[in-house]
Amino acid sequence: MFEPKRLHPVAMLVKMVKSIKEIIAALIVLVVSNFGHFRFLLIVGIAIGAIFIIISSILHWLKFTYRLEENEFRVEQGVFLKKNRYVPFERIQSINISAGIIQRLFGVVNLKIETAGGMGEAEIELSAISKEEADRIQRIIKEQKNQIQEESAVPTDLQEEKLLYKINLKELLITAATSGGLGVALSIVAFLSQFDEIIPYEKIFEQLEWITHASLTVIVFACLLGLLLAWVLSFIGVLLKYGDFTIREESDQIIISRGILEKKQFTIPIDRIQAIKISENLLRQPLGYAAVHIETAGGRDEKDIETVLFPLIRKSQLKEKIESILDVTIQQQLNPIPKRALYRLWLQDFLLGLIVIVPLCLFLKPWGYLSLLLIPISFILGYGQYKDSGWLINGNELTLSCRFINKTTVVLEKKRIQSLKIKQSYFQRRRKLVSVEANFISGSLGNDVTVDNLDQNDGAKIYHWFSRREKNVL
Amino acid sequence: MRSEPKNRISPKAVVVWRISASLISFMMLIIFIAASIFIWKFNWPKWIIFILAAVWLLYTICSIFFFPKIRLKVWRYEVHEQELDLQHGLFSVKRVLVPMVRVQHVDTTQGPLLRKYHLATVTISTAATVHEIPALEMEEADQLRDYISKLVREAKEDV
C-alpha cells in the first residue's frame, strides 16, 4: 500500500497520442503547405519532434509514481521540475474510472480523482492502470474515508452499490433505430432545400431536353440513399454511445455508465438534481416509448450537466421506474389547456406555414405547390400541440408538458425553480389565455420550459403556488 | 392574477430608450444604404429597395415614438420580503416572480447614456436567469440594490 507505483506502460502510449493530438493541427498545416525543396527540412523536423515526444513520454512514465500513504493520495512526477501532489482522502469527492480506445485495447483503465472546489488544480489522473489496481485504490480510499468519518463520530451506514437498471439488447436497438428522428427529418429538409438550388425552375424549362426520367430517378435514388446512410450512421453512433448503459445507486448518489468504445461514467448526487425531462420524439411517441434526461447543478467549479437517465423507456413503466430511483411523483394525467387554445395554435401554425408556402408557390411554380402539403401538416401539428400541452401542481412539484415538434414533459420541484414568468400577448388577452415559463439550472442550452395558452385562471394558480407571499391576497 | 406591482421606473427612461433607438435606427440606415447600392449595382429588382425602405421607416417610427411609451407604461416592480415581482413587456405583458432564496447577486449598472440622465439599472441574477429593472434614479437604484441584497441574505428556504 505504501510503496510507490508506476503506471501501466500503456501510459506512455497514451501520453504520446495526447502530445500528437496537441500538435496535429500545426502538423497538418505543415504537411499540406508542402514546402517544396524544404521538404527535407520538414522531414527532419518531424523526426526530431517524434523522437522528442517518444523520449518525453518515456521519461514522464519513469518519473510518475503514486502511492497511498497516511490517508493521502500522493503523486510525484516531473522530469526536470519535480511536482508532488498530496490529496487527503477526506477531500476526495469522486473517483471516476473510464477507458478510452487505447485503454480498452490493452485492457487497462483511466482513473480520475476529483476534489471539491480546490481551484480546479487539485485533481489527479492516472492515465493507465489495471482494472484490479483501480478497484484496489477505490476500495482503500473508501475504507479509509469511512474510518476517518467514524473517528470524527459521524457514523454512516456502509451502503452497497446496487444495480438499478441495465439496458437490454431490444431496448438498445429500438433506441438506436428511433433516435435519429429529428436528424432524419432535418436531413430531408436540408436535402430538399438543396434540391431547390440544384434545379431552379427557369433553367429546367430552358434545358428540358437533358432532364430525362432517368436523371430524375437517379436524383431521387441518391436522395433516398443519402437518408439511409445518415440513418445507419446515427444507428451505429447510438449503439456505441448507449451500449452497456447501467444505472447503479450508492448511498446518496446514482452512477450512470455507458458506452462501448469509450466508457463514460457520471456520478450524480441525488440532491443536486434540478429537473427531470421526459421527451418523446415523433418516432417514439407512437411506439409508446420515451427518453428521460436529468439536469444536475454542478458544485463550485463544476459544470451543470444534462445526463440521460433512461435512453429509452416504455411509457407504461415510466412512473414506476423513475420513482424507484428519484424522489418524485410522475403524473400520468395532466390538466389540459382549454379548447379555445386549439384555434389559436391552428392559426399560428397555419401562418407559420404560409411564410414558407407563399414564396415557394410564387417563385417556384409547379414544384413549389408541393409546399401546400404543409397546410394539413400544420393542422395536425397544431392539434398535437393542443393535446400534449398540460400542467399539474402536486404538493411541491410542478409538471409542465408541451410540444413544438417533439413532446417534452418537465417535472420541477418548487425550490428548484429559479424564476417563474407568466406571459400574455394582446391576442392571448382577448382569449383569456396565458403562457407559463419556469426557469431552472440546466447543463444544456434551454434552461426553461414554457407552456403556451393555459387558461388565465390556471396561470394564476401556478403563479400563486410559486409566490412566497401571504396567500390571502388573491 | 394579483394586482400590478406598485413601483414604476423613471419616466426619463423614455428619453434614454428613444436615444438608443435612434442610434440603432441610424446604424440600420447605413446598412440599408449599403444594401441599396449593392442591389442597384447588380441590377436586382428595384422593388426590394422600396420594401426595405418601408420596413426601415416603420421600424424607426415605432421604436422611437411608440415602443418606449408602451414599455414605460407596462414596467412595474415591487420588492417583497420573500420575492421580487416584476412586470414588463411590449407586445406581450410578462409577469415575473423571482424568489429571494434563489437570487445569487444583485448589481447596479450604468452606461454613458444612463449616467447622463442620472439613471442606473438594477440587475438581479439567479443561477439560471438574469433580470433587469432598467432606468431607476441612481439613488433609488442603489437603495434598491442594498435592500434586495439584505433580503437575500435573510431569506430562508420555505420548503
Side-chain angles (χ1 to χ4, degrees), chain A residues 272 274-275 295 297-298 304 363 395-398 412-429 432-450 452 455-474, chain B residues 1-6 44-45 47-48 51 62 66-67 70-71 73-106 123-133 148 151-152 154-159:
Chain A
R272 291 247 189 91
Q274 304 289 315
E295 301 282 357
D304 306 327
F363 299 115
N396 274 327
E397 284 164 13
L398 174 66
L412 283 161
E413 237 183 308
K414 183 175 170 184
K415 65 174 174 184
R416 302 298 187 195
I417 300 176
Q418 303 292 321
S419 68
L420 183 83
K421 196 186 267 181
I422 312 277
K423 298 178 277 193
Q424 188 172 46
S425 70
Y426 171 74
F427 297 106
Q428 281 180 319
R429 186 157 63 237
K432 293 188 171 29
L433 296 168
V434 292
S435 299
V436 174
E437 176 184 321
N439 298 96
F440 50 88
I441 299 175
S442 162
S444 61
L445 274 176
N447 63 359
D448 62 77
V449 49
T450 307
D452 290 320
D455 186 281
Q456 200 166 266
N457 296 324
D458 291 343
K461 272 181 203 157
I462 297 175
Y463 180 93
H464 288 295
W465 167 79
F466 187 66
S467 175
R468 283 147 165 94
R469 255 174 284 166
E470 309 300 313
K471 298 291 178 201
N472 52 17
V473 211
L474 276 164
Chain B
M1 200 71 64
R2 249 182 224 135
S3 54
E4 293 187 319
K6 281 196 200 97
W44 286 12
W47 52 265
I48 298 178
I51 289 185
C62 289
F66 300 120
F67 293 170
I70 300 173
R71 281 172 73 190
K73 217 181 93 190
V74 178
W75 242 114
R76 303 286 172 95
Y77 71 93
E78 195 169 342
V79 181
H80 299 272
E81 204 175 317
Q82 299 289 336
E83 67 193 7
L84 267 164
D85 192 353
L86 310 175
Q87 175 185 288
H88 62 102
L90 183 62
F91 296 110
S92 71
V93 178
K94 291 152 195 136
R95 191 77 183 264
V96 186
L97 278 182
V98 187
M100 288 299 173
V101 273
R102 296 280 85 84
V103 174
Q104 293 203 318
H105 50 91
V106 200
T123 309
I124 300 115
S125 311
T126 70
T129 53
V130 178
H131 309 271
E132 272 187 359
I133 307 176
I148 294 175
L151 290 176
V152 167
E154 286 167 0
K156 286 195 182 69
E157 189 50 73
D158 55 340
V159 263

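Computed from a predicted model, the values in this text were never measured in an experiment. Letters go in sequence order (proteins before strands), and every chain restarts at 1.
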Quick one: which of B:Thr126, B:Val93, B:Asp85 has the most heavy-atom pairs under 4.5 Å with chain A, could you say? B:Val93
Between atom OG1 of B:Thr129 and atom CG of A:Asp448, what is the distance when rounded to the nearest 0.5 Å? 10.0 Å
Mind checking the CG-NE2 spacing from B:Leu97 to A:His464? Nearest 0.5 Å is all I need. 9.5 Å
Measure the spacing between OG of A:Ser419 and CD of B:Glu83 and express it to the nearest 0.5 Å. 11.5 Å
Atom CD of B:Glu81: over 12 foreign heavy atoms under 6.0 Å: no
Kindly say whether B:Ala128 contributes a backbone atom to a donor-acceptor pair with the side chain of A:Asn447 at under 3.5 angstrom? yes
Nearest 0.5 Å please: distance from the OG atom of A:Ser467 over to the CD atom of B:Gln82. 9.5 Å
First locate atom OG of B:Ser92, then atom NZ of A:Lys423, and finally report the distance between them rounded to the nearest 0.5 Å. 7.0 Å
Which residue out of A:Glu437, A:Lys421, A:Gln418 racks up the most heavy-atom pairs below 4.5 Å with chain B? A:Gln418
Quick one: pull up CD1 in A:Ile417 and CZ in B:Arg102 and give me the separation to the nearest 0.5 Å. 9.5 Å
